Visitor: 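Pasting a structure below so you can have a look.
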Amino acid sequence: MKIRSIALRCVKAAAVIALIAIVNFFLVRMAPGDPAQVMAGQSGASDEIYMAQLRREFGLDQSLPTQLGVYAKHLVHLDLGYSHRQQQPVLTLILERLPATLLLTGLAFVLSVSLGVLLGVLSARRVGSWTDTAISAAALLFYATPIFWSGLLLVLIFSVKLNWLPGYGYSSIGVDMTGLQSVLDVARHAILPVATLSLFYVAIYARLARASMLEVSRLDFVKTARAKGLPERQVLIRHVLRNALLPIITYAGIHAGGLVGGSIVVETIFAWPGVGRLAFEAVNQRDYSVLLGVFFVISVIVVGVNLLTDFIYAYVDPRIELS
């Protein structure tokens with residue numbers, strides 16, 4: 001992989017992030033509702049003089065191109081603005097919530113990829129059997145079930161009925177825990193949100209891995225490997241699975257980036273203190289600065305993950321070159 005190709009891809013990624021930031025700015029500004037009126041209502045004074053003062057303070061009385069220029073200037077210096085609602089810098093708010101989101105999405109990503117690929121390989125190895133039928137039926141069920149419905153159902157069963165797992169929050173409230181005890185407490189709270197976020201994608205990976213395995217297993221080089229007398233395990237791992245992973249890696253890159261933005265529903269259901277819930281609160285409060293900051297951070301993560309996926313793709317299959 002050439003250094004020039006990597007540098008070129010990084011420059012393109014930066015241009016995409018800049019374009020996304022501009023589009024998000026105009027989309028947020030086009031949303032209905034006056035943030036100055038919301039801020040004035042929260043403070044208990046909604047007269048025109050006070051709202052005009054708020055518009056001047058936050059630059060809302062300027063033209064859109066001027067506001068965009070100010071926003072871009074601050075963005076270059078990693079200044080995401082100030083939250084009028086939280087009375088804190090936006091970057092501070094996001095950095096406080098980001099670890100919870102990365103924990104949730106990271107665990108969900110690892111679980112969905114590993115379990116989905118494992119089920120897909122098992123289904124492809126026993127195609128036409130009752131195992132294949134059961135895995136395919138379960139995958140179809142998980143794929144057809146909305147994420148919010150899966151979350152509510154898991155809470156009803158494992159939290160309300162059985163009382164095995166906590167149904168909301170990041171950790172136990174009012175309990176002072178440190179070390180391993182604190183880690184285990186967070187892990188217990190993460191089980192249901194991670195399972196909810198994973199089920200849908202486990203179904204996709206299982207179906208994708210099954211189809212890819214069956215397609216690769218019919219190719220000539222696999223038949224040649226078997227004709228040479230190679231052990232079936234070696235044929236499966238070195239020849240079939242390695243080539244079948246290419247479409248899975250492609251989807252995994254899209255999935256990993258989309259998980260961060262798609263965690264809003266799960267974080268809202270389980271009161272998980274992540275970036276997704278912060279964005280949801282910002283929408284209700286018309287907090288433009290927080291909303292733009294969350295969009296920018298998510299876009300950086302998504303573009304960065306897709307860029308990393310391109311590099312991994314070229315590494316797995318040397319025939320692919322980054323141009």
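Predicted model only: the values in this text are computed from it and were never measured.
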Visitor: With hydrophobic residues grouped by side-chain heavy-atom distances under 4.5 Å, do L78 and L95 end up in a single group?
Guide: no
Visitor: In Å and rounded to the nearest 0.5 Å, what is the CZ to CG distance from F270 to L192?
Guide: 5.0 Å
Visitor: What is the minimum heavy-atom distance between Q88 and T92, and which atoms define it?
Guide: OE1-CG2, 3.7 Å
Visitor: For a 4.5 angstrom cut-off between non-hydrogen side-chain atoms, does L307 reach C10?
Guide: yes
Visitor: Check whether any side-chain heavy atom of L122 sits under 4.5 Å from a side-chain heavy atom of L118, and report yes or no.
Guide: no
Visitor: Looking at A209, is its backbone amide N or carbonyl O close enough to the side chain of S212 to form a donor-acceptor pair, meaning the two atoms are under 3.5 Å apart?
Guide: no
Visitor: Are S136 and R207 close enough that a side-chain donor and a side-chain acceptor fall under 3.5 Å?
Guide: yes
Visitor: With heavy-atom distances below 4.5 Å as the criterion, would you say the side chains of E267 and P193 are in contact?
Guide: no
Visitor: Would you say L103 and V186 make side-chain contact, with heavy atoms under 4.5 Å?
Guide: yes
Visitor: Salt bridge (charged side-chain N to carboxylate O under 4.0 Å, His left out) with E281: which residues, sequence neighbours excluded?
Guide: R97, R277
Visitor: Would F200 and F142 count as a ring pair (Phe, Tyr, Trp, His ring centres under 6.0 Å) if you check the C-alpha gap in whole Å, the side-chain angles of each, and the deciding distance to 0.1 Å?
Guide: CA-CA 5 Å; F200 176 80; F142 293 150; over 10 Å; no
Visitor: Looking at D132 and R125, is any side-chain nitrogen of the basic one under 4.0 Å from a carboxylate oxygen of the acidic one?
Guide: no
Visitor: May I ask you to test the V297-I301 pair for a side-chain heavy-atom distance under 4.5 Å?
Guide: yes
Visitor: So, using ring-ring contact (aromatic ring centres under 6.0 Å, His included) as the criterion, who are the partners of F148 when residues are at least two apart?
Guide: none
Visitor: Heavy atoms, side chains only, cut-off 4.5 Å: are L75 and F296 in contact?
Guide: yes
Visitor: For residues L102 and L98, determine if any side-chain heavy atom of one lies less than 4.5 Å from a side-chain heavy atom of the other.
Guide: yes
Visitor: Heavy atoms, side chains only, cut-off 4.5 Å: are W272 and V266 in contact?
Guide: no
